[in-house]
There are 2 protein chains.
Amino acid sequence: MSEAGTSAGRPRSEEAHQAILDATLELLAEVGFSALTVEGVAQRAGVGKATIYRRWAAKLPLVIEAFNQLPGLEEADTGNVVDDLKQMLQSYLQLFNSTPLATVLPSLAGERAHNTDLTALFDPVTKQRRQPLIRALERGVERGELPKDLDLDLAADLIVGPIAVRLFFTGRKVNPRIVGPIVDLALRGLANPRP
Amino acid sequence: MSEAGTSAGRPRSEEAHQAILDATLELLAEVGFSALTVEGVAQRAGVGKATIYRRWAAKLPLVIEAFNQLPGLEEADTGNVVDDLKQMLQSYLQLFNSTPLATVLPSLAGERAHNTDLTALFDPVTKQRRQPLIRALERGVERGELPKDLDLDLAADLIVGPIAVRLFFTGRKVNPRIVGPIVDLALRGLANPRP
DNA sequence: GGGATTACGATACTATACGTTCCGTTCTTA
DNA sequence: TAAGAACGGAACGTATAGTATCGTAATCCC
């Protein structure tokens, strides 16, 4: 295991490294996690299989690193909960429509159900991705836009859920147009402590 | 292709047929769609591979028939939208907690993203499963509990989404306790035309 | 009841595809 | 220029899907 700096000899190609990660993401989107093969990645990346095994011991750590290359949710802080949420969910959907995320995520989520190794990877990642949303809701509570006893996780699920369901069950692209109504509907329920 | 009735000779064993379907569901829950092998099903069911291939040409139609054996959502009609929805979602969760559905569904949904054959199967099934929910909402509209211009699909997603997200990403059994708050929150938003 | 017919479980077989390792070559450093 | 490490490609062993075949068991029809 020679890290850079110690060594004489030919250094590892950063170009190959990136090509492998890119190919992994592409194939992950095309065929899914379980049908992803190291051989396929090598061919797509134009490298030998040994070049992959020299860097990653197995498929899972490779997929982990590739998945973490996908951009995260950009936090919005406009001073208004509704605008924050709408803006963040718009970015969210643009992300899904412009990256392999829309196909990669369902595949990983589906695999998560029976692959405990993948579960260990995946759960922290999904929790991480919710954080900007949670923080926006917290700011709303602080500003008095939302009740103090709001269940933040439930609120986040109420907002993310409808979009996730459409992504998972009804094809690929989700129209960003639906973000407005979803946030309005959800917030109308969340903001009023009792009817 | 001899259907029953035409033939002399030993009839196909209905016991083996059912054992194959049961084994398919079990393995589907344990290892997922893509890792499901006909050989594995044969071993689990205690039948020869030929017995399976004699009935199903490939893995997909077998999975289809097995999946369709899982029970559907029981419709509730109490005369009140909120109660209808709460009752139906309770059944929904009990179904998930007592059948392999909680692991089978994410696996199929994940596979759906890159398997067009499975997509063709899966989309009508999911649409079908929403129908009782949609009808309950329609009754609510008719009774004046919900606005006439309600987007039924959006409303259904708003209610199912939060539960689905928890099932897909947290894996553990979902506490039926959350149904009440979810329906209350969602309906509070849906029922009031404008804040 | 007996013969014909079909399904049964089990096993052998072929082709394919995968993970992993090995090899001759290329690149970089000292 | 020599040494060392990574490179792409190819070779090797393993596993699995799918098919064919075996002897046996069950059912129908005469």
Side-chain angles (χ1 to χ4, degrees), chain A residues 1-24 26-28 30-66 107 111 114-115 117-118, chain B residues 1-24 26-28 30-66 107 111 114-115 117-118:
Chain A
M1 303 296 157
S2 63
E3 286 300 318
T6 315
S7 53
R10 181 176 180 175
R12 289 192 183 167
S13 163
E14 186 54 40
E15 193 179 357
H17 195 92
Q18 193 58 46
I20 293 168
L21 290 176
D22 291 346
T24 301
E26 288 177 24
L27 282 176
L28 209 50
E30 289 175 19
V31 304
F33 176 81
S34 45
L36 182 83
T37 67
V38 174
E39 181 143 16
V41 173
Q43 285 179 7
R44 176 73 59 105
V47 306
K49 283 196 276 185
T51 302
I52 298 179
Y53 280 105
R54 201 171 290 119
R55 295 151 200 262
W56 296 277
K59 186 165 80 170
L60 193 56
L62 169 61
V63 169
I64 291 174
E65 188 165 338
S107 173
E111 198 70 18
H114 15 260
N115 186 331
D117 294 337
L118 186 53
Chain B
M1 304 297 157
S2 62
E3 286 298 319
T6 315
S7 52
R10 180 176 179 173
R12 290 191 181 168
S13 163
E14 187 53 41
E15 193 180 357
H17 196 91
Q18 193 58 46
I20 293 167
L21 290 176
D22 291 345
T24 301
E26 289 177 24
L27 282 175
L28 209 51
E30 290 175 19
V31 304
F33 177 80
S34 46
L36 183 83
T37 66
V38 174
E39 183 142 15
V41 173
Q43 284 178 7
R44 176 73 61 104
V47 306
K49 280 199 285 183
T51 303
I52 297 180
Y53 281 107
R54 200 172 290 122
R55 295 153 199 259
W56 296 277
K59 187 165 80 171
L60 193 57
L62 169 60
V63 169
I64 292 173
E65 189 165 338
S107 174
E111 199 69 18
H114 16 260
N115 186 331
D117 293 337
L118 187 52

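Letters A, B, ... are given to chains in the order of the sequence lines, protein chains preceding strands, and every chain is numbered from 1.
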Base, sugar-phosphate, or nothing for B:A42, non-hydrogen atoms under 4.0 angstrom?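 Answer is nothing: B:A42 stays at 4.0 Å or more from every strand.
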At 4.0 Å (heavy atoms only), tell me whether B:K49 reaches a base, stays on the sugar-phosphate, or touches nothing. base
Whole-Å distance separating the [atom1] atom of [X] from the [atom2] atom of [N]:
X     : N      : atom1 : atom2 : result
A:E39 : D:dA11 : CD    : P     : 13 Å
B:E15 : D:dA25 : CD    : C1'   : 14 Å
A:E14 : D:dA6  : CD    : C1'   : 14 Å
A:K59 : C:dT20 : NZ    : C1'   : 15 Å
B:R54 : D:dG18 : CZ    : P     : 16 Å
A:W56 : D:dA6  : CH2   : C1'   : 14 Å
B:H17 : D:dA26 : NE2   : P     : 20 Å
A:I20 : D:dA6  : CD1   : P     : 13 Å

CD (A:E15) with more than 12 external heavy atoms under 6.0 Å: no
With a 4.0 Å limit, can you tell me whether [X] has a side-chain N or O closer than that to the phosphate oxygens OP1/OP2 of [N]?
X     : N      : value
A:R12 : D:dA6  : yes
A:S13 : D:dA6  : no
B:T51 : C:dG9  : yes
B:R10 : D:dC28 : no

Nearest-nucleotide 5' precedence on DNA chain C, A:G40 against B:G48: B:G48
Mark yes or no for whether A:K49, through its side chain, and A:A42, through its backbone, hold a donor-acceptor pair below 3.5 Å. no
Can any side-chain N or O of B:T24 pair as donor or acceptor with the backbone N or O of B:V63 at less than 3.5 Å?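 No, because the side chain of B:T24 does not come within donor-acceptor range (under 3.5 Å) of the backbone of B:V63.
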Start at the 5' end of DNA chain D and walk down; is the nucleotide closest to B:A35 or to A:A45 reached first? A:A45
Between A:V47 and B:A58, who's closer to the 5' end of DNA chain D by nearest nucleotide?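 Closest to the 5' end, via its nearest nucleotide, is A:V47.
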Among D:dT16, C:dA7, D:dT21, which nucleotide sits nearest the side chain of B:A50?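 Ranking D:dT16, C:dA7, D:dT21 by closest atom to the B:A50 side chain puts D:dT21 first.
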Nearest heavy-atom neighbours spanning B:A19 and B:A45: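 Taking every non-hydrogen atom into account, O-CB, 3.6 Å.
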B:W56 versus B:E65, closest heavy-atom pair with distance: NE1-OE1, 2.9 Å
